[in-house]
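A quick write-up on the structure given underneath.
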Amino acid sequence: MPTHFDAIIIGAGQAGPTLAGRLTQAGRTVAYVERKLFGGTCVNTGCTPTKAMVASAYVAQKARTAADYGVVAGSVSVDMKAVKARKDKIVLASRTGLEGYVDHMPRCTVFNGHARFESTKEVRVGDDLLSADQIFLNVGGRAVIPDFPGVNEVPYLTNVSILELDALPRHLVVVGGSYVGLEFAQIFRRFGSEVTVIEKSPRLVHREDEDVSASVRTFLEKEGIKVRTSAECIHFKPQGNDIAAGVDCTDDPSDSIGSHVLLAVGRRPNTDDLGLEKAGIAHDERGFITVDDQLRTNVPGIWALGDCNGRGAFTHTAYNDYEIVAANLLDNDPRRVSDRIPCYALYTDPPLGRVGLTEAEVRKSGKAALIGIRPMTRVGRAVEKGETEGFIKILVDATTKQILGANILGTGGDEAIHCILDTMYAKAPYTNIQRAVHIHPTVSELLPTVLGDLTPLT
Ligand SMILES: Cc1cc2nc3c(=O)[nH]c(=O)nc-3n(C[C@H](O)[C@H](O)[C@H](O)COP(=O)(O)OP(=O)(O)OC[C@H]3O[C@@H](n4cnc5c(N)ncnc54)[C@H](O)[C@@H]3O)c2cc1C
């Protein structure tokens, strides 16, 4: 006989633990199943460790360029064991905090193991058979291992194993010039590795506008990162103790010889070993679970939250999924995924803060639009900090005066973008920001200036 609960939650990522909190507060019993580490990707192998390492890399770079600021710092070297220890401490504190929260939750029973569906209402975890009328999937995703020729003949790293390095790679070849790959590329370059980025598309971060891609490439190359785009035929072979990564680029056909290779070519959902077929849960051809605007699957009583539903790929979208499900189930508040405005950051230095549509998307939409652009060389705070790479770009609907999208690629861009995001959520015209008095000197103080200087997008 299965052990019955009011709800089963599978996966302790970014949506499930707080949902368990709300459900148990409402008097319901919850079985919580996690097969590995509480906190999932973000806490253990994603946001938290990478941003801790971005911080170490930033300090290394500042120390290296200290003379530019009139500071005498001497030669710079990085102690990878100490970098890792700092990162591990931050991760551990976050994970144990979350683990303790769930462990001490009244009416919540934790099962450590891999969950698989037996039927629409039953889940097996090892010897335990659990049943519930409501099942919430928060199983997240993992790195794609592409079937490039030779990939299985060479050792490779993913976002998980690269975080375990406690010695500096001599030459790190990063395959994938998008968000995850570029963060690691800059981190390790600043630590002192030679770094080559290999990207299949003709440009880095190819989902962004061309001017953003170009600017990111410029500042990475200035730091000595080699970039090989249009790598249409990536393949590997062992070469002594090293790894030869062939790209067959039109511009440079020679192989990159790396001591380490990081594969950062995308993520796939952890749904292939969940027994979805036994519950009849629909998914797309890549394994992302199909959900409606309230995150319900096609099977009544089963929801999918976070990266596994393909409706977001970020911690804030996974957390918002929890808010949507809790609001609909417990608060009679009809929140929807479609209420969400796309926003995210790329944590290179300088970072890219992004919200809404890109310029290319606005052009494609055919809307009459206005555009404002300002280079960071004309932002006082950036000049004072000696961090003038990048630019601000804002796009406005010429008819409604509402902001359609923006990027702030520049120092503080990941924070300053929220002025724009909140104005978009308020559905307020751009003039609200334009007439606001912002604090001097900040990056945000130039947003009214950019908006006061809009021109038609032609
Ligand atoms: C290198 C890197 C950096 C990132 N940086 C950022 C960032 O700066 N900002 C940001 O917003 N996002 C970032 N992300 C993305 C972010 O980590 C994810 O979007 C987020 O973790 C998704 O959360 P989730 O709750 O969907 O799943 P996850 O956090 O992946 O958690 C899923 C959990 O489910 C468990 N699980 C899976 N299958 C089963 C099963 N069958 N039985 C039991 N348990 C199971 C897993 O063990 C895991 O603990 C980054 C990702 C990577 C890889």
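In listed order, ligands and their atoms are each counted from 1.
Note on residues 169-196: pairs passing salt bridge (Lys or Arg N to Asp or Glu O under 4.0 Å), not counting sequence neighbours, are Lys51-Glu183, Arg170-Asp242, Arg190-Glu223, Arg190-Asp349, Glu194-Lys226.
On a distance-only criterion, Thr41 and ligand 1 share at least one N/O pair closer than 3.5 Å. Close N/O approach between Thr50 and ligand 1 is not found [any backbone or side-chain N/O within under 3.5 Å]. In terms of N/O distances under 3.5 Å, ligand 1 is not approached by Asn270. Polar contact with ligand 1: absent for Val180 (N/O pair, distance under 3.5 Å). For the pair Leu305 and ligand 1, the shortest N or O to N or O distance does not fall below 3.5 Å.
For the pair Ser213 (side chain) and Leu204 (backbone), a donor-acceptor distance under 3.5 Å is present.
For the pair Asp273 and ligand 1, no heavy-atom separation below 4.0 Å is found. For the pair Arg267 and ligand 1, a heavy-atom separation below 4.0 Å is found.
Counting heavy atoms from C-beta outward, His438 and Ile433 have side chains that approach closer than 4.5 Å. With a 4.5 Å cut-off on side-chain heavy atoms, Ser215 and Thr218 do not count as touching. Within the 4.5 Å cutoff, side-chain heavy atoms of Asn309 are placed close to those of Leu295.
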Go through Asp307 and Arg142 one step at a time and tell me if the salt bridge (Lys or Arg N to Asp or Glu O under 4.0 Å) criterion holds.
CA-CA 10 Å; Asp307 284 12; Arg142 62 185 187 273; over 6 Å; no
Between His4 and Ser131, is the side chain to side chain donor-acceptor pair (under 3.5 Å) condition met? List the steps.
CA-CA 5 Å; His4 189 77; Ser131 70; 2.8 Å; yes
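Counting heavy atoms closer than 4.0 Å to ligand 1, residue Phe38 contributes nothing at all. Here Asn159 has side-chain heavy atoms under 4.0 Å from ligand 1, and that is the only part of it that gets that close. Counting heavy atoms closer than 4.0 Å to ligand 1, residue Val43 contributes nothing at all.
Taking every heavy atom of Lys51 and a limit of under 4.0 angstrom, the matching atoms of ligand 1 come to 5 (N), 6 (C), 7 (C), 8 (O). Within ligand 1, the atoms closer than 4.0 Å to a non-hydrogen atom of Ala313 are 15 (C), 19 (O), numbered from 1 in the order shown. Here is the list of ligand 1 atoms found below 4.0 Å of a heavy atom in Leu274: 41 (N). Proximity to Gly306 (heavy-atom distance under 4.0 Å) selects the following atoms of ligand 1: 26 (O). When each atom of ligand 1 is checked for a heavy atom of Gly113 under 4.0 Å away, the hits are 42 (N), 43 (C). Residue-ligand proximity, Leu37 to ligand 1, at heavy-atom distances under 4.0 Å covers atoms 49 (O). Residue contact check: Ile10 has heavy atoms under 4.0 Å from atoms 40 (C), 42 (N), 43 (C) of ligand 1. Counting the atoms of ligand 1 from 1 in the order shown, those under 4.0 Å from a heavy atom of Tyr347 are 8 (O).
A 6.0 Å sphere centred on CZ of Arg286 holds no more than 12 heavy atoms belonging to other residues, nucleotides or ligands. More than 12 non-hydrogen atoms from other residues, nucleotides or ligands lie less than 6.0 angstrom from CD of Glu221. Annotation: Asp272, atom CG; neighbour count of heavy atoms from other residues, nucleotides and ligands within 6.0 Å is above 12.
Looking from atom 26 (O) of ligand 1 to the surrounding protein, the closest heavy atom is Asp307 N, 2.7 Å. Scanning the protein heavy atoms around atom 21 (O) of ligand 1, the nearest turns out to be Cys42 N, 3.2 Å. At the top of the distance list for atom 2 (C) of ligand 1, counting protein heavy atoms only, stands Gly46 CA, 3.5 Å. The protein heavy atom nearest to atom 23 (O) of ligand 1 is Gln14 CG, 3.6 Å. Closest protein heavy atom to atom 49 (O) of ligand 1: Glu34 OE1, 2.8 Å. Looking from atom 37 (C) of ligand 1 to the surrounding protein, the closest heavy atom is Val139 O, 3.2 Å. The protein heavy atom nearest to atom 44 (N) of ligand 1 is Arg35 N, 3.2 Å. Scanning the protein heavy atoms around atom 4 (C) of ligand 1, the nearest turns out to be Cys47 N, 3.6 Å.
Using the six-membered ring where Trp is involved, Phe314 and Tyr344 have ring planes that are parallel, under 30° apart on the 30 and 60° scheme. The aromatic rings of Phe136 and Trp303 sit parallel, their planes meeting at an angle under 30°, below the 60° perpendicular limit.
Considering only residues two or more places apart in sequence or on other chains, Glu164 meets the salt bridge (Lys or Arg N to Asp or Glu O under 4.0 Å) condition with Lys84.
Between Asn320 and Arg340, the side chains place a donor N or O and an acceptor N or O closer than 3.5 Å (distance only, hydrogens not considered).
Atom-to-atom distance recorded for Ile162:CD1 and Leu157:CG is 5.5 Å, nearest 0.5 angstrom.
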